[in-house]
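These numbers come from a predicted model, not from an experiment. Numbers restart at 1 for each chain; the letters A, B, ... are given by sequence-line order, proteins then strands.
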Amino acid sequence: MALPSTSVPVSTFPLHLLPASDPPYKLLQNHPSLSLLSKCKSIQTLKQVHSHIIKTGLHHTQFALSKLIEFCAVSPFGDLPYALLLFHSIDEPNQVIWNTMIRGLSLSSTPELAMEFYVKMIWSGILPNSYTFPFVLKSCAKMDSTQVGEQVHGQVLKLGLDSDAFVHTSLINMYAQTSQLRNARLVFDKSPLRDAVSYTALITGYISIGYMESARELFDEIPVRDVVSWNAMIAGYVQAGQYEDALAFFKEMIEANVVPNESTLVTVLSGCAQSGSLEMGKWVRSWIDDHGLGFNIHIVNALIDMYSKCGELDTASDLFEGLEQRDVISWNVMIGGYTHMSCHKEALGLFQRMLQSNIEPSDVTFLSILPACASLGALDLGKWIHAYIDKNFQYSDNISIWTTLIDMYSKCGSIEAAQQVFNSMKHRSLASWNAMISGLAMHGLAEKALELFSRMTNERYKPDNITFVGVLSACSHAGLLDLGRQYFSSMVQDYAISPDLQHYGCMVNLLGRAGLFDEAEALIQNMEMKPDGAIWGSLLGACRVHKRVELGESVAKHLFELEPENPGVYVLLSNIYAGVGRWDDVARIRTLLNNKGMKKVPGCSSIEVDRVVHEFLVSDKVHPRCKEIYDMLNEVDTLLEKAGFVPDTSEVLQDMDEEWKEGALSHHSEKLAIAFGLISTKPGTTIRIVKNLRVCGNCHSATKLISKIFNREIIARDRNRFHHFKDGSCSCNDYW
DNA sequence: GTAGGGTTAG
């Protein structure tokens, strides 16, 4: 923005002729250069105004300087270093300037500096006043320093400023925010100052420690409740997960004729989102539209979040696309909405659009987008994001970001990178350890996972139920039956964690695979809860391995009851029949499936090349490079045959679709993805693929050979775990 | 004679 320099009637204000003490206030207040300040939207414009102020001589006045500093230190378009520069250029800053500087610093990420200025102010002979203490107390709260806070409280009393309403509330708030609720209450009780603001400060203290009932009692005492008091209560109920109370309070508020504001609506909508109350959300929306607030970006963001969390992605997307100006939060809620509903490709697409729109992603963006990368196996994009975070968030102490990176790398097949991130972390949360242990487990690196577990307990971290899912699944992926048994009983006895379905699932899997069916069934019978499909499914899988047809049939019965719509059960049972050559039964099941109109979930494999995720279905012919892919597939089959590979047809039912006749075995989705990988990546580089189902035995054997023939490491993620194919063998040692 | 306290979304 260029300044309208000529239109400013500088000559009428010959201020530079005036002495150091400020000219009459009225004259300054209406000065055109200063009124320009309020219109500033960037630091560049501010600097222009500053030079203007120097030209007019206004910079000799403390008033103008205080206004400049205020803009730099407090406004969202400000620049704190510039404010400090200005401040240090002043010989004897007055009280207002000191207060403004302290105010700016109290808002910054370095509240310690505000305290430093407060001390310097007193040293320079200027007394703090009732404007100083709210900022100073806010800084104490931010630093979470109880000692400094109490000292400042002493100074407030010495100066007799505790009777000022603003200072009083700031004291309550300081104590409430530093977990000294008893002191907050004491300050409140001792004073006759009881307006809605001081009540609300105390109420939020109670809310922060989860005392909703005490908060409610205080709320009922407030002589005149204002909108903020209502908002605080509604937010408290939402935070406490008492969504019904929150929504009831909102209705009560409207009945009490208190007009909701932006905060109210954002909070209420967040409550609807978290509790999945679509109907209430719609009602709130109609209220918003009726009151003309449908264009407020913060409210629309909250609406988008509400709709996507309640499963109405289309409505959410319509609202999102209808926005003229989208902020980070808008983008983040929409990306998060897609991730929430497992629409990972849409989430990725939106993230790319966000970057193209030059919107700077935030930590929340990464927490939504990295799980999408993980789910799709989009390693290159994940790596790019990691580099971006390293560059822009170098000093970020956000542990959850690093934890999410560990998870992303593990699930994208790069367990080494996951370990690097884990090792580089200075501070770790329980979740970081859990992510690393589960990562090692899904890669079949049981020994390392168990090692990490003991390291974790040595470092005094307390394992939780999720840790043990990782530990037990490590045992189950490696077939470590005895160790699995030991950890299972240690979990119950040493850590007092009662096993849930996932823990039992691992144990049933271990026992079943070892052929200990009696023990597995006994375990299931002794469970406190009803076994779910995963437990029976795991047992059914074991029946296939051990060719236990009759047991398989009875297990399948449980599954038919539990998951009548799951075609996978039929497929597995038919594979059991096929395994013992009972082809009549195989055919019977196929007819059964057809009659029920059920189709097996199509196998789908994906591979990321140059940050684009390519998906393949069985016998897929839609890829633009389809011909090259099938040429490569033919070459692969020829070479496999030459190497003496004999296809195992015992799992043909996996190709129940029409294509099964054309020998679709060699056109399984994972083979298409591998063929595409072979033609589209450099020789010798690793090929990574992701499959939605378990890899079949035939493809497993074929891939082992492919890794040798083409000299490629192939890392495949299936529904359960990772397989690292290299030099003709697989990391799972054919146990999966 | 500038300014200041309590509520808000991912």
Query raised in the report: So what does Gln95(A) touch, heavy atoms closer than 4.0 Å: a base, only the sugar-phosphate, or nothing?
Result: nothing
Query raised in the report: So what does Asp327(A) touch, heavy atoms closer than 4.0 Å: a base, only the sugar-phosphate, or nothing?
Result: nothing
**Report entry** Within-4.5 Å side-chain heavy-atom neighbours: Met233(A) and Met212(A)
**Finding:** yes
Requested in this report: Would you kindly say whether Thr178(A) and Gln180(A) are connected by a side-chain donor-acceptor distance under 3.5 Å?
Outcome: yes
Report summary line: The single option from Leu319(A), Asp290(A), Leu265(A), Leu293(A) that satisfies side chain to side chain contact (heavy atoms under 4.5 Å, CB included) with Arg285(A) is Leu319(A)
Query - Pairwise side-chain hydrogen bond (donor to acceptor under 3.5 Å, both in side chains) hits with a residue in residues 72-85 of chain A, at least two apart - result: His50(A)-Tyr82(A)
Query raised in the report: Which is true for Ala196(A) with a 4.0 Å heavy-atom rule: it touches a base, it touches only sugar-phosphate, or it touches nothing?
Result: base
Query raised in the report: Do Glu150(A) and Thr146(A) have side-chain N/O donor and acceptor atoms under 3.5 Å apart?
Result: no
Query raised in the report: Is there a residue in residues 338-359 of chain A whose heavy atoms reach under 4.0 Å of DNA chain B, and which residues are they?
Result: none
Query raised in the report: Would you call the rings of His168(A) and Phe188(A) parallel, tilted or perpendicular if under 30° counts as parallel and over 60° as perpendicular?
Result: parallel
**Report entry** Heavy-atom contact window of chain A on DNA chain B, given 5' to 3' at under 4.0 Å
**Finding:** dG1(B) to dG10(B)
Requested in this report: For Thr365(A), answer base if it contacts any base atom (sugar-phosphate contacts may also be present), sugar-phosphate if it contacts only those atoms, and nothing otherwise; contact means non-hydrogen atoms under 4.0 Å.
Outcome: nothing
Query raised in the report: So which of residues 261-269 of chain A are in contact with DNA chain B, with a heavy-atom cut-off of under 4.0 Å?
Result: Glu262(A), Ser263(A), Val266(A), Thr267(A)
Report task. Determine the contact category for Val96(A): base if any of its heavy atoms lies under 4.0 Å from a base atom, sugar-phosphate if only primed atoms, P, OP1 or OP2 are that close, otherwise nothing. Result -> base
Report summary line: Nearest heavy-atom contact between Val333(A) and Ser308(A) is O-OG, 4.2 Å
Requested in this report: Name the nucleic acid region contacted by Phe135(A), choosing base, sugar-phosphate or nothing; use a 4.0 angstrom heavy-atom cut-off, strictly under.
Outcome: sugar-phosphate
Report task. Output all residues satisfying salt bridge (charged side-chain N to carboxylate O under 4.0 Å, His left out) with Lys345(A), sequence neighbours left out; order by chain, then residue number. Result -> Glu615(A)
Query raised in the report: Looking across every strand, which nucleic acid part, if any, lies under 4.0 Å from Ala165(A) by heavy atom: base, sugar-phosphate, or nothing?
Result: base
Query raised in the report: Reckon Ser130(A) touches a base, only the sugar-phosphate, or nothing at all at heavy-atom distances under 4.0 Å?
Result: base
Report task. Quick one: label Asn99(A) by what it contacts on the DNA or RNA (base, sugar-phosphate, nothing), any heavy atom closer than 4.0 Å. Result -> base
Query raised in the report: Among all residues two or more places apart in sequence or in another chain, which pass the side chain to side chain contact (heavy atoms under 4.5 Å, CB included) test with Lys282(A)?
Result: Leu278(A), Tyr307(A), Glu312(A)
Query raised in the report: Does a side-chain N-to-carboxylate-O contact under 4.0 Å join Glu221(A) and Arg216(A)?
Result: no
Query raised in the report: Within the structure shown, what part of the strands sits under 4.0 Å from Thr204(A) by heavy-atom distance: base, sugar-phosphate, or nothing?
Result: sugar-phosphate
Query raised in the report: How are the rings of Phe87(A) and Trp98(A) set to each other: parallel, tilted or perpendicular (split at 30° and 60°)?
Result: perpendicular
